[in-house]
Each structure stands twice: as structure tokens, then as C-alpha cells.
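Note that the structure is predicted; figures quoted are calculated from it, not measured. Read the numbers this way: they start at 1 and go in the same order the structure lists the ligands and their atoms. In what follows, every heavy atom counts, from backbone to side chain, and hydrogens, waters and symmetry copies are set aside.
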Amino acid sequence: MTTVETTELRSRMSGQVVTPDDAGYDDARAIYNAMIDRRPAVIARCRSVADVQAALDAGRRAGLPIAVRGGGHNGPGFGSVDDGLVVDLSPMNEVVVDPGARTVRVQGGATWGAVDAATHEHGLATPSGIISTTGVGGLTLGGGHGYLSRKYGLTIDNLLEAQVVLADGRVVTASESEHPDLFWALRGGGGNFGVVTSLRFRLHPVTNVVAGPTVWPVDATADVLRWYRDFLPAQHEDLYGFFAVMTIPPGDPFPEPLHLQKACGVVWCYAGDPADADAALAPVRELQPQWEGIGSVPYPGLQAGFDALYPKGLQWYWRGDFVREVPDEAVAAHVRFAQELPSTHSTMHLYPVDGAVRRVGQSDTAWSYRDVTFSQVIVGVDPDPANAAAITRWTSDYWEATHPYSAGGAYVNFMMDEGQDRVRATYQGNYDRLAEVKANYDPDNTFRINQNIHPAR
Ligand SMILES: Cc1cc2nc3c(=O)[nH]c(=O)nc-3n(C[C@H](O)[C@H](O)[C@H](O)COP(=O)(O)OP(=O)(O)OC[C@H]3O[C@@H](n4cnc5c(N)ncnc54)[C@H](O)[C@@H]3O)c2cc1C
């Protein structure tokens, strides 16, 4: 972008325009995953829909690749782009709750912590992920699963409408009644169709939940995982628990003798009547965990429980898969890689995506894997860039060992930049319809810094 074009964009925007010559450039370009180090030509920090329109127009006229950033948490770093223009939505973070209608309207750059805090004041919540610093935009457009998903579905199953700035600058509302094809595609199709400037979600009565981890020594991984794979799917949807192989963090609330021990565990969330939680968790306690940290906690507290362990700026490499069943051969692979965890932060999670998630049909939204039991993610994480190769190798080897037992595709929000075959495998029979919607709403593929869907025409 020329100096004249940048000056013109500055004059059109109420938000800041940051270029490599500006003092705040390094802060402005930093994203959550420090393994990704991109140098955009322009970062447009949008404060309004009009700012988004101005930034898109300037980027398109200058012929720059355009990335859209919500919370900046994306693994492969699709919230940024080398030598291109970043539409940074982080200043657009307003959250407005309508307690009477049990809905919340959220601007496209907000994080889940802000949503949970605002809705909790009214004893309400909607399903999202397990870290409160994650962006509402990216998590929702990819699908969104977390502690409330067995009971209330994916995040997209609670999306009522979205306001979208299209590549040509038009502003449209997508819902079941307006632009229904776009609304269908937004629910799982990622950031392929436009800049989502606001989203409205359905809320549910959720105040305190009974939640927390149970841990066992790493030697028990085979027994606990075999028990978990059979136990959890058979339970009432009020009970949620994700399985993890992990290293016990060296701090509260974990007892000191366990610090830095390799382990397996399950993080539970009981979202039914708290009086029934002990009965629901009794079979877990029969398995005699080495330690448990389960208690009554305000829902936003649970959501923020891992924030301090995973601050911005760590090295991340991750791979995902959808999983129908966990056969004994896969259990053996999990045991092997649990014993070889390469760093304290590295982990593997199996997130339940059954229950209410399955009550929506395979082609009702773009998110096609409605028949699986778990969404698996393997993350190699470490603060030290010198360990980047080691965590990447462990993650890749682990994925190679378990992928043969998977359903084929992966949750788009748990994928690296793995190419078109992987994107197609993830959308299965929904891909062709997504490509048609893409051709109608973004025929030039302006929004291509993502798990890209190619326009059908
Ligand atoms: C520590 C951690 C824990 C996580 N846990 C979970 C979890 O429990 N459940 C879960 O479902 N996911 C989880 N995720 C994955 C998360 O959903 C993805 O990383 C997601 O991409 C993050 O969204 P973002 O807005 O923060 O990211 P960004 O990097 O800003 O954006 C990600 C993608 O979405 C697009 N995008 C973002 N906002 C918009 C918008 N408003 N309009 C158009 N396009 C947009 C971007 O262009 C980009 O392609 C986790 C991620 C991390 C890092």
C-alpha cells in the first residue's frame, strides 16, 4: 500500500491504522501463537462497521491479501498475513444482553470472557470453548464446542443471526429468514464469507456448575481412557468431561508432590441440579483418582480456569481429528505419547461432541461431523522457541499414530494449514454447497486466509 493510500485509509477510519513504521507495530501484529511471526503491511484496527468497509475497500483496491482477526487465537495464525492488510476487530468488543429474550448480541472482536461475564450477571450462558481469552468470531464460525455442548449443543447451534460485511462492502444480516444460505454456511464454514461484525446468540439458565479435574498417574492412562470412552457417552447430558494426557502444572490448586508429574485426567462440568452432582460423579470417584479438584464454581470461573496456564505468546503446534470410537489400538498410542510428553504445557484432549450436538442434522449447518463422539486435539506447547521443533515432532508423530482410528476429518479450529484435501475431508458432503455459497458471496476469494473453501465458479 502506498503512503498516499495509507493516508487516505487513515482519513476514512475512526480506528487506528498501524504500519511497520509505527511505534506500536510489533504489539499490533503479535498473535496468540508466537510460533507464527507475520509482518502485515497494514493493520486496520476497526471500531465500526464503516471502518471495516473502508479497510476492505482499501485492501482490495491495493490488491493486498486480507486477513480478518477476531481474538487472534487461531493455531496456524489465520488472523494475520505477511505483506497484506489485517482487519483487526479487537476494538469491536461490545456485549449487550437482553435478559428478557434470553439473547446476547456480541461484536465480532469480543472474547468469550467478556460474554461470560455479561451473561452471568443474569444467570445465563451459551456454549463456547474452554479458554476465556479466545475470540467469539473465530470460535463461532468454526463451530465452537465446550463444557455446555452435550447439554446445549455447539456454539453455532445457539447462533440466531450474524451481521456480515461482504467483500464488495455490502452489509447484510444472515439468519434463518434472511440470507439463509449464508447463515447455513457461516455455521461451521469459518471466515470464508465475509467479516462478521456482530453475532446474536440464544442463552440458557446457567449460574454455578460443579466442576474441576480428576487426575491419575500416567501409568493408569490405558485403564482410565478405556473406562472414559465407555462411561462418558452413556451419561446424561448434564455431565460433561474432557479427557486429557498432561503434565500436572507446578502450582495451585495441585498438591506439590504431584507437580510436574506426567498424568492423565478428566476435567468435569456438571451443569444439572448441583444436588445431583455427587451421584453423577460417584462412578468417577470409584476409580480412585490420585487427586480431585471438583467443587461448585461460577461458570465464568470455570471458563477462565486455564487462562493463566496458557497466556499469549507461547509456541503452539496442533493437530486435530474427529473420533467415533477409541479402540484399544488407539488407547495404546495415547499411552505411548502420554509417556513421551515433550513439555509441561503439551497435552492431548478428547472433547465430547455427542448429546445435543447430535440433535442437529449433518447438513442442517456447514458443520458436518454430527455423528462423532469426540473432537480430538493434540497440542505441542512451550514458551521456548528453541523447543519448537521438539513439540512439533511429538504432535505430528502422535497424530500419525492415532489418525488411522479417526473419522477422517477434523474440527477446522483444530487444524493447521493442511491443504485442500483436509478441508474437503472436514466438510464431507457439505463442501460443494459451501463452494456454491462462496461463489455467491465472495466470488473473488477475497477471504482466503483461512481453511479455504474455493468458489464453485
Ligand atoms: C488455548 C486455546 C483453547 C481453545 N479451546 C477451544 C475450545 O475449547 N473449543 C473450541 O471450539 N475451540 C477452541 N479453540 C480453538 C479456537 O476456536 C480457534 O483457535 C479459533 O480460530 C479462535 O478464534 P479467534 O477469533 O480467537 O481467532 P482469530 O485468529 O482471530 O481468527 C480465526 C479465524 O477466524 C476468522 N475470524 C475471526 N473472527 C472473525 C470475524 N468476526 N469475522 C470473520 N472471520 C473471523 C479469521 O479470519 C481466521 O480465519 C482454542 C484455541 C486456543 C488457542
Chemist: Which residue and atom name correspond to the protein heavy atom nearest atom 5 (N) of ligand 1, and how close is it?
Modeler: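 The answer is Ile130 CG1, 4.0 Å.
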Chemist: Regarding Arg424 and the six-membered ring of Tyr431, is the cationic atom NZ or CZ under 6.0 Å from the ring centre and inside 45° of its axis?
Modeler: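 Yes, a cation-pi geometry holds between Arg424 and Tyr431.
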Chemist: Counting only heavy atoms not in Asp444, do more than 12 sit closer than 6.0 Å to its CG atom?
Modeler: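 More than 12 within 6.0 Å, yes.
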Chemist: Run the salt-bridge test on Glu161 and Arg105 with the 4.0 Å N-O cut-off and return the result as yes or no.
Modeler: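 Salt bridge flag = no for Arg105 with Glu161.
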Chemist: Check whether any side-chain heavy atom of Tyr441 lies under 4.5 Å from a side-chain heavy atom of Leu186, and answer yes or no.
Modeler: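 Result no, sub-4.5 Å side-chain heavy-atom pair not found.
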Chemist: Considering only heavy atoms of Gly191, which atoms of ligand 1 have at least one such atom less than 4.0 Å away?
Modeler: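 Those of ligand 1 that fall under 4.0 Å from Gly191 are 44 (N).
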Chemist: So is Gly144 in contact with ligand 1, going by heavy-atom distances below 4.0 Å?
Modeler: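 A heavy atom of Gly144 does come that close to ligand 1.
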Chemist: Are the aromatic ring centres of Tyr351 and Phe414 under 6.0 angstrom apart?
Modeler: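 Between Phe414 and Tyr351, which both carry aromatic rings, the centre distance is below 6.0 Å.
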Chemist: Centre-to-centre under 6.0 Å for Phe201 and Trp112, is that the case here?
Modeler: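 Yes, the ring of Phe201 comes within the 6.0 Å limit of the ring of Trp112, centre to centre.
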Chemist: Pair Asp57, Arg12 - check salt bridge (charged side-chain N to carboxylate O under 4.0 Å, His left out), show working.
Modeler: CA-CA 11 Å; Asp57 180 47; Arg12 291 177 68 189; 2.8 Å; yes
Chemist: Hey, is CZ on Arg358 packed in by over 12 heavy atoms from elsewhere, all under 6.0 Å?
Modeler: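 Buried by this count: over 12 neighbours within 6.0 Å.
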Chemist: Closer than 4.0 angstrom, basic N to acidic O: yes or no for Asp321 and Arg422?
Modeler: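 Salt bridge present between Asp321 and Arg422.
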Chemist: In the protein, what heavy atom is nearest to atom 4 (C) of ligand 1, and what distance, to one decimal place, separates them?
Modeler: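 Nearest neighbour among protein heavy atoms for atom 4 (C) of ligand 1, to 0.1 Å: Thr134 OG1, 4.3 Å.
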Chemist: Does ligand 1 have any atom that is closer than 4.0 Å to a heavy atom of Gly142?
Modeler: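 No.
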Chemist: I need the Glu325 CD to Arg229 CZ distance, nearest 0.5 Å.
Modeler: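 Output value for this atom pair is 9.0 Å.
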Chemist: Taking 4.0 Å as the limit for heavy-atom contacts, which would you say applies to Leu89 with ligand 1: side chain only, backbone only, both, or neither?
Modeler: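 Looking at Leu89 and ligand 1, just side chain atoms fall under 4.0 Å.
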Chemist: Nearest non-hydrogen atom to atom 25 (O) of ligand 1 belongs to which of Gly71, Ala67, Pro127?
Modeler: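 The nearest heavy atom belongs to Gly71.
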Chemist: Could you give the distance from CG (Asn440) to CG (Leu182), rounded to the nearest 0.5 Å?
Modeler: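 The distance works out to 10.0 Å.
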Chemist: Among protein heavy atoms, which lies nearest atom 48 (C) of ligand 1, and at what distance?
Modeler: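 Residue, atom and distance for the closest contact: Phe78 CB, 3.8 Å.
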Chemist: Do any N/O atoms on Asn74 end up under 3.5 angstrom from N/O atoms on ligand 1?
Modeler: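 N/O-N/O distance under 3.5 Å: yes.
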Chemist: For ligand 1, is Tyr310 a contact, meaning one of its heavy atoms is under 4.0 Å away?
Modeler: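 Contact absent.
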Chemist: Can you tell me which residue and heavy atom of the protein come closest to atom 45 (C) of ligand 1, and the distance to 0.1 Å?
Modeler: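 In this structure, atom 45 (C) of ligand 1 has Leu141 CD1, 3.7 Å as its nearest protein heavy atom.
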Chemist: Side-chain contact, heavy-atom cut-off 4.5 Å: His145 with Val357?
Modeler: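 Counting from C-beta outward, His145 and Val357 never come under 4.5 Å.
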Chemist: Hey, looking at atom 26 (O) of ligand 1, which of Ser128, Gly135, Gly75 has the closest heavy atom?
Modeler: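 Comparing heavy atoms across Ser128, Gly135, Gly75, the nearest one to atom 26 (O) of ligand 1 lies in Gly135.
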Chemist: Identify the protein heavy atom lying closest to atom 51 (C) of ligand 1, giving its residue, its atom name and the separation to 0.1 Å.
Modeler: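 Scanning the protein heavy atoms, the shortest distance from atom 51 (C) of ligand 1 goes to Trp318 CH2, 3.4 Å.
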Chemist: Just to confirm my output: which protein heavy-atom neighbour is closest to atom 47 (O) of ligand 1, and how far is it?
Modeler: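 Ranked first by proximity to atom 47 (O) of ligand 1 is Val68 O, 2.7 Å.
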Chemist: Do Met92 and Val52 have side chains that get closer than 4.5 Å, going by heavy atoms?
Modeler: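 When only atoms from C-beta onward are counted, Val52 and Met92 do touch, with a gap below 4.5 Å.
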Chemist: List ligand 1 atoms under 4.0 Å from Tyr32, heavy atoms only on the residue side.
Modeler: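 Near Tyr32, the atoms of ligand 1 are 1 (C), 53 (C).
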Chemist: Around atom 28 (P) of ligand 1, find the nearest protein heavy atom and jot down its residue, atom name and distance.
Modeler: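 For atom 28 (P) of ligand 1, the nearest protein heavy atom is Gly72 N, 3.4 Å.
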Chemist: So which heavy atom in the protein is nearest atom 13 (C) of ligand 1, and how far is it from that ligand atom?
Modeler: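 Checked against all protein heavy atoms, atom 13 (C) of ligand 1 sits closest to Phe414 CE2, 3.7 Å.
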Chemist: With heavy-atom distances below 4.0 Å as the criterion, list the atoms of ligand 1 near Ile449.
Modeler: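 What qualifies from ligand 1 is 49 (O).
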Chemist: Within this structure, what is the CG-OG1 distance for the pair Leu89 and Thr197, rounded to the nearest 0.5 Å?
Modeler: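 One gets 8.0 Å once the value is rounded to the nearest 0.5 Å.
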Chemist: Answer with yes or no after comparing the ring centroid distance for Phe254 and His259 against a 6.0 Å cut-off, counting only values under it.
Modeler: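 No: the rings miss the under 6.0 Å criterion.
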Chemist: Taking the six-membered ring where the residue is Trp, are the ring centres of Tyr317 and Trp399 under 6.0 Å apart?
Modeler: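 No, the ring centres sit 6.0 Å or more apart.
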Chemist: For Trp316, counting its heavy atoms only, list the atoms of ligand 1 lying under 4.0 Å from any of them.
Modeler: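 Reading through ligand 1 atom by atom, the close ones are 1 (C).
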Chemist: Can you list the ligand 1 atoms lying under 4.0 Å from a non-hydrogen atom of Arg69?
Modeler: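 Listed by number with element: 30 (O).
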Chemist: Of all the heavy atoms in Ser80, does at least one lie under 4.0 Å from an atom in ligand 1?
Modeler: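 Per 4.0 Å heavy-atom rule, Ser80 does not contact ligand 1.
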Chemist: Just jot down the ligand 1 atoms closer than 4.0 angstrom to any heavy atom of Gly129, in number order.
Modeler: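 Checking each atom against Gly129, I get 7 (C), 8 (O), 9 (N).
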Chemist: Taking all non-hydrogen atoms of both residues, which atom of Ala407 and which atom of Val372 are closest, and how far apart?
Modeler: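 Answer, listing the atom of Ala407 first, then Val372: CB-CG1, 3.9 Å.
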Chemist: Which ligand 1 atoms are under 4.0 Å away from a heavy-atom of Tyr411?
Modeler: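 Ligand 1 atoms under the 4.0 Å threshold to Tyr411: 10 (C), 11 (O), 12 (N).
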Chemist: Considering distance alone, does some N or O of Gly138 sit under 3.5 Å from an N or O of ligand 1?
Modeler: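 Between Gly138 and ligand 1 (N or O atoms, distance only) the closest approach is under 3.5 Å.
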Chemist: Give yes or no for whether the N/O distance cutoff of 3.5 Å, strictly under, is met between His145 and ligand 1.
Modeler: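 There is such a contact, yes.
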Chemist: Below the 3.5 angstrom mark, is there an N/O of Val195, backbone or side chain, next to an N/O of ligand 1?
Modeler: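 Min N/O separation from ligand 1 is not below 3.5 Å for Val195.
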Chemist: Nearest non-hydrogen atom to atom 2 (C) of ligand 1 belongs to which of Val377, Val136, Ile131?
Modeler: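 Minimum heavy-atom distance to atom 2 (C) of ligand 1 goes to Ile131.
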Chemist: If hydrogens are left out, which of Val196, Asp88, Thr133 has an atom nearest to atom 41 (N) of ligand 1, that is, the closest non-hydrogen atom?
Modeler: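 It is Val196 whose heavy atom sits nearest to atom 41 (N) of ligand 1.
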Chemist: One residue to check: Phe306. Relative to ligand 1, which of side chain, backbone, both or neither has a non-hydrogen atom less than 4.0 Å away?
Modeler: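 None of Phe306 does.
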Chemist: Should Phe447 be listed as contacting ligand 1, given a heavy-atom distance under 4.0 Å as the test?
Modeler: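 Checking ligand 1 against Phe447, which is what was asked, there is no heavy-atom contact under 4.0 Å.
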